[in-house]
Amino acid sequence: MRVLFPALAVVVGLIILASLGAALGLDAIFGVLVPYAAFVTFVFGFIYRIVKWAQVPVPFRIPSTCGQHKSFPWLKNRSRIDNPSSWPGVVVRMFLEIFCFRSLFRNTKAEIHYTPFSADPPKVVYGSAKWLWLAGLAFHWSFLLIVVRHYRFFTEPIPWLVQFLESLDGFMQFGVPALYMTDGLILAAVTYLFIRRVVVPQLRYISLPADYFPLFLIFGIVVSGMLMRYITRIDVVGVKELAMGWVTLHPTVPDGIGIMFYIHLLLVSVLLAYFPFSKLMHAGGVFLSPTRNLANNNRVKRHINPWNYPVKVHTYEEYEDEFRDLMKEAGIPVEKE
Amino acid sequence: MMYDKKLIIPGLVIFVWLMTLPFWYNSGKATAAPEVKIDTPVIQEMAEKKCIEDKQYMREAHMQVLDDWRDEVVRERKRVEVTTGGKTYEMSLQNECMKCHSNKAEFCDKCHDYVAVDPYCWDCHIEPKEKK
Ligand code: HEM
């Protein structure tokens, strides 16, 4: 509770703040200033974090990979994707990681099994655990689709792809306005990701406010978005006017958009501004994972450690040149006469 | 000192480009919200130019009105609705909304195109005939 509550309180506080802002008519602040500031923080914060990471040298290829790496030609069963020796394999591995969450797919669980009424020692049993992978995939893909669909507010004319995704997502033609499948999916996935943290004791133990906060924030964004689409309604044409004002750098604030929109927008702004300074940066970090993005060519290519200081060397040839006479005198064999 | 600049800098450029895409896409374009026309013959004859409910409500929730109407008609066999103001309306998309808003292309479509909504209602319901 002491961990969960602060995260929840902040999100509830933000919702109250947005409602107050809308009620007091501070549209120019919450409709223009805050979103702009959040966007700038997001873009520059993101770049800052990546540049920071890029300053860390990765001198050695970290072969924490499964599968046989390239070795003698007669060694068969080489893993070209799991343990690639050159960049094409790395590209495939990165693609599968980013678009299919391949590492998460290999998630396992470990359990201790006791055999009742027997003297056998308990056994550790490993099994596959795919639910996290499934929920993670459903969450991220839905999120992406929702964001791409939102481009209808930011573009004029609206690109073909956005309209196509919209009709695909609303394919079920369920209700008016048509229910988007991604809305249901993301709601279910976020709920699962939250329940999992609360119910599994080990996970609850390691969960911090920084783990709950993004979940609550995204939950709030999704619920406010769905409320204004399916239940309370807002002036969607007004929203597009506002959004087009941002992207053409002529911000205007149309009247009477509706409080629910300002709640949605403030939560989104906070998510954007919070993003670069939180664990959400895994979005950029996945591209910089050394165990995924480096070919395992340690034995083929020399990778020099950039923080090596210059080492003074004294080769055997030089040694012999220096002491040849003394060596001969002492009867020690020398290579050059 | 940055490592792997050859990959990371292009990556960051792509990131910034993607994030600011709407700014490039729309730059130099004047955009204004669509002006919908309500100058149809039926509306022009009205003394008080008023929709079924007040304008702001219609803007926000006309699709819910239609949805309610559809359920009432198809499920409850109730075709007449009395709304605020004591006026009676027939709960019908074609015979009521489109009687007044007979300029679908200049009214419904204009708005819908702006926010990319494409109601599938017209797969079955018949659009009013318009003079082109
Ligand atoms: C992190 C970014 C965002 C997420 C995850 C998000 C999520 C959602 C979701 C799940 C919905 C429900 C309907 C749907 O799926 O289309 C929605 C609706 C909506 N969102 Fe967002 N949103 C985001 C950003 C924004 C921004 C920046 C705006 C400002 C223009 C915005 C404006 C709206 C509006 C106006 C609706 C109602 C649409 C309708 O009635 O059809 N959203 N949002």
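Each chain gets a letter, A, B and so on, in the order its sequence line appears, and its residues count up from 1.
Each of A:Q163, A:E166, A:M228, A:H250 has some count of heavy-atom pairs under 4.5 Å with chain B, and the biggest count is that of A:E166. Heavy-atom pairs under 4.5 Å with chain B peak, among A:L288, A:D235, A:V56, at A:D235. Between chain A and the options B:K5, B:R70, B:Q56, heavy-atom pairs under 4.5 Å are most frequent for B:Q56.
Proximity to chain B is absent for every atom of A:P254, based on heavy atoms less than 4.5 angstrom apart. Of the two parts of B:D118, neither the backbone nor the side chain holds a non-hydrogen atom closer than 4.5 Å to a non-hydrogen atom of chain A. Neither the backbone nor the side chain of A:L242 comes within contact range of chain B; no heavy atoms are under 4.5 Å apart. Neither the backbone nor the side chain of A:V162 comes within less than 4.5 Å of any heavy atom in chain B. Contact of B:V115 with chain A is made through backbone and side chain together, with heavy-atom distances under 4.5 Å.
Close approach to chain B, defined as a heavy atom under 4.5 Å from one of its heavy atoms, is seen in A:Q173, A:G175, A:V176, A:P177 of residues 171-178 of chain A, taken by number.
At most 12 non-hydrogen atoms from other residues, nucleotides or ligands lie less than 6.0 angstrom from OH of A:Y48. More than 12 heavy atoms of other residues, nucleotides or ligands lie within 6.0 Å of CH2 in B:W122, so this atom counts as buried by the packing criterion. Summarising the local packing, NZ of A:K279 is surrounded by more than 12 heavy atoms from other residues, nucleotides or ligands at distances under 6.0 Å. In this structure, B:K37 places its NZ atom where only 12 or fewer heavy-atom neighbours from other residues, nucleotides or ligands lie under 6.0 Å away. The local environment of CG in A:D255 is sparse, with at most 12 non-hydrogen atoms from other residues, nucleotides or ligands closer than 6.0 Å. Counted within 6.0 Å of CD on B:E35, heavy atoms from surrounding residues, nucleotides or ligands total 12 or fewer; the atom is thus considered open. Sparse packing is recorded around CD1 of B:I126, with 12 or fewer heavy atoms of other residues, nucleotides or ligands lying under 6.0 Å away. Atom CD1 of A:I81 has 12 or fewer neighbouring heavy atoms from other residues, nucleotides or ligands inside a 6.0 Å radius.
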(message) Apply side-chain contact (heavy atoms from CB on, under 4.5 Å) to residues B:T20 and A:V247 and explain how you reach the verdict.
(response) CA-CA 9 Å; B:T20 52; A:V247 297; over 6 Å; no
(message) Determine whether B:E60 and A:I234 satisfy the following criterion, side-chain contact (heavy atoms from CB on, under 4.5 Å), listing intermediate values before the conclusion.
(response) CA-CA 5 Å; B:E60 291 173 5; A:I234 45 123; 5.5 Å; no
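Smallest separation of non-hydrogen atoms from A:G238 and B:R59: N-NH2, 4.4 Å. When all heavy atoms are compared, the tightest approach of A:R233 to B:A61 is CG-CB, 4.0 Å.
A ring-ring contact (aromatic ring centres under 6.0 Å, His included) with B:F23 is found for one member of A:F154, A:Y36, A:F39 and no other, namely A:F39.
In this structure, B:Y3 and A:V58 have side chains that are not in contact, with every pair of non-hydrogen atoms separated by 4.5 Å or more. Taking the side chain as every heavy atom from C-beta outward, B:P22 and A:W246 never approach each other to under 4.5 Å. With a 4.5 Å cut-off on side-chain heavy atoms, A:P157 and B:Y114 do not count as touching. Inter-residue side-chain proximity for A:V51 and B:L12 is flagged as met; some heavy-atom pair is nearer than 4.5 Å. The shortest distance between side-chain heavy atoms of B:S27 and A:T248 does not fall below 4.5 Å.
Aromatic pair A:F287/B:F15: ring centres not closer than 6.0 Å.
Expressed to the nearest 0.5 Å, how far CD1 of B:I9 lies from CD1 of A:I50 amounts to 12.0 Å.
Formation of a donor-acceptor pair under 3.5 Å by the B:N26 side chain with backbone atoms of A:E156 is found in this model.
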